[in-house]
Structure formats: structure tokens, C-alpha cells
Amino acid sequence: MDSRSRSSGDGSDPIPDSTIQRFRQAYESDEERVEPVELPTLDANHERDERLEIVALRGNAFREDPGNWPKIIHHRRRTDRVVVLTHGFKDSPAFLHDIAMRCADRGHNVVLPLLPAHGRRDPVAAMRRVRAEHWRWAVDHAIGTARLLGDTIAVGGLSTGGLLALDAYLRQFTELAGIDTVLMDTVLIDRVLLFGAALGLKPIQRLVLSTAAVPRWRDAWAERQPNRGIGGNPIKYSRSFLTGARQVHRIIQSLGLKGQPPASALAELAASPEYRSRIFVAHSEVDPTIRYSAVEPLVDPEDPGQHHIVPAAREVGHADLVLAHDQSFEPRWPDEPGPLSANPEFAGMMDKVLAFLDR
């Protein structure tokens, strides 16, 4: 094990370089290489606190914009809490940067994993090969890295990242009903942050994704297109990949590996005040991608600090929910989705999130 470490400057235990190397193992293979690089900032909107260190993994198969790279934001020492934030389908860690920096400013170390088949120069073949188990493993690896960075762990994410966070939380338990609540003091994950979590799909989406035939045909067509899903957005794929979307459906259907329908798993979770009190829900009432009704069972109306639901009048879209700043880029073709807008309630939402983590 590498005995070198990054000095904390305050006399506390520093972060060993072996922690960065462990994080690196998830992204390296015989064909692909990654190297750790220190970033001065996450983007033009952020000024890094000098006490923080931002380490990203730059890979030869990754897209050039650093927003696509997996990262660790740390205080050069272990912290009481570590937050693992996972991006959504077709997205990149950049979508969680604003939330990550607010958590880091609060004193938490933060891990931002990159899901397999994401953030790549050519995503088509990788997305055709990816499986739900690969995404679960990537989140588990990030959680394992987080254990080296702090004492208690919160997991969260946007859309599919939120789904994977709840899935990881539930996989800690062989049974949810009747478990002795004293075990809550010893579990690995003690907080879950759901931002527009993909806990349910529309009927037509479920129909299309329930078998492999249509997704494979659709992605074979996409592979012949010259843009191959890469548009003007430097931190998100601009075309959908149905073989990848089918993996989202598979995770929903096997949520927490509990062997029961997802609606039953969520109902069981919602019925337990002890468990529901550890889950923060942020969602927009007019989310066109994941309907609010999909997450509503987990919202505790008697605990306003447990959720932040953006009212319909605000017209906040799906991924807009997690943005503190407007996006800016030039689309490359007429029907490419344009830049997203910031959530006007971002600051208030994050005040609730940080208070929830301190409970």
C-alpha cells in the first residue's frame, strides 16, 4: 500500500494516496487508462476553497470536458460524513457539481462516480454492452471509496442516480419489514438524497423497455448515425440509447434486490417512519420525465424538512432541479435539446438538504 498521503494541514488524519488509487481501479482496464489530475475549480461558476482538493480521473476514452470525469472532493482529511452523488442516465457528474460543492462547503467529503458507458467519446458500443449490474457495481465501488474518506455515508443522485442510491440503501438489508431499528446505527448508509429519482416510468416506456428487441434495433440504427449521440452539449449525450434505458427499467423492477414488485418495495419503505425519515425527496411537480407520483409515497407531509417539492408554477424541468446556474452551449442539430435553466429554488432546496444531513 502506498504510504504517501495528502497533508491535511490541521493535524488530523490525512487522506492517503491509496484512496485515490482505489477509486481509480473502477475505471482502468487493459484498454483504457486513467490518471488522477487536480482541478482548480469544477467550472467557471465555482471558486474552490483553498482547504478543498478536487481530484478528477482523466481517461483516454473520456470526453474532453472535465465535467464528464469521476471526482473526489475532499478536505485533505477524513470527515464525519461523506456524500456519494451519482448522475443520471445519459448525464455526467457535472450535473451534480452544484450540489457537491454545497456539501463540500458544509464540511463533507464528496465522491462523484461515473457510471459505465457514460462520459465517453464514443458511447454507442459501450451503451449496448452495459448492464444494470455494472451500474450497481460502480455505485458500490464509490461507496467503498467513501468509507475511506469518512465515518458516515449519505448516497444520492439525479434521476437514475437517485434510483441507484435508493437501491444501494435497500440492498443493505435482507429484509425491510420487522428489522430491529437498533441496526440503523451500524448500517453503512444512513441518509439517501433523491433528486428527481427515477422510481417509476410511464406505461409506454415500460412497454418499450420490457423486451430487448426494440432497444437493440433502435441502438443499431443509432450506431449508423454520424453524430453517434454526441451533440453540442459537452456534458450529456444528446441522443437516447434504449439498451441503456432498459437497464434503468431493470433496476426499477429489481429495486433493492428484494424480490418483489417495485410498488410493493416502495410501499413497504414508506410505511416505516424510521426508514422514510432517512430519505430526502426533491422533485418538481411538472417533471416531464419522472412523474411526481412516482416518488410521492416517500414524501412525509408532516415533516417539511424531509422534502422539497418545486411547485408547478415554477416550471422546473427534470434535470433543471439540480442546477444552480444556467447551462450554455450551442446545439449541433435542430432537434438537439438545448441548454437547461437553473432551478430558481436551488438555494432553498439545498438549505433543506444540508439540514437533513445534519440530523
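As the structure is a prediction and not an experimental result, all values here were calculated from the model.
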Answer with yes or no whether the side chains of R278 and S272 bring together a donor and an acceptor at under 3.5 Å. no
Knowing that exactly one of R76, K71, R77 qualifies, which makes a salt bridge (Lys or Arg N to Asp or Glu O under 4.0 Å) with E53? R76
Would you indicate whether E315, at its atom CD, is surrounded by more than 12 heavy atoms from other residues, nucleotides or ligands within a distance under 6.0 Å? no
State whether R276 and E268 are salt-bridged, where the test is any N-O pair (Lys NZ or Arg NE/NH1/NH2 against Asp/Glu carboxylate O) under 4.0 Å. no
Contact summary for W69 and A56, nearest pair of heavy atoms: CE3-CB, 3.9 Å
Is the shortest side-chain N to carboxylate O distance from R24 to D17 below 4.0 Å? no
Can E336 and R332 be counted as an ion pair, charged N to O under 4.0 angstrom? no
Regarding K236 and the six-membered ring of F95, is the cationic atom NZ or CZ under 6.0 Å from the ring centre and inside 45° of its axis? yes
Restricting to non-hydrogen atoms, name the atom on N68 and the atom on L114 that form the minimum distance, rounded to 0.1 Å. O-CD1, 3.4 Å
Do the non-hydrogen side-chain atoms of Y292 and V286 ever get within less than 4.5 Å of each other? no
Is it true that the side chains of Q247 and R250 contain a donor and an acceptor less than 3.5 Å apart? yes
Side chains of N109 and T79: do they bring a donor and an acceptor to under 3.5 Å? yes
Electrostatic pair D351-R102, nearest N-O below 4.0 angstrom: yes
For S159 and H318, which I'm curious about, is there any donor-acceptor pair between the side chains at under 3.5 Å? yes
Should the pair R314-D320 be classified as a salt bridge under the 4.0 Å nitrogen-to-oxygen rule? no
Would you say D80 has more than 12 foreign heavy atoms packed within less than 6.0 Å of its CG? no
Thinking salt bridges, do R171 and D167 make one under a 4.0 Å N-O criterion? yes
Using a strict 4.0 Å threshold on nitrogen-to-oxygen distance, state whether E32 and R120 make a salt bridge. yes
So, R78 and D151, do they make that salt bridge, N to O below 4.0 Å? yes
Lys/Arg-Asp/Glu bridge criterion (N-O < 4.0 Å) met for R106, D358: yes
Report yes or no: do R128 and T243 form a side-chain donor-acceptor pair below 3.5 Å? no
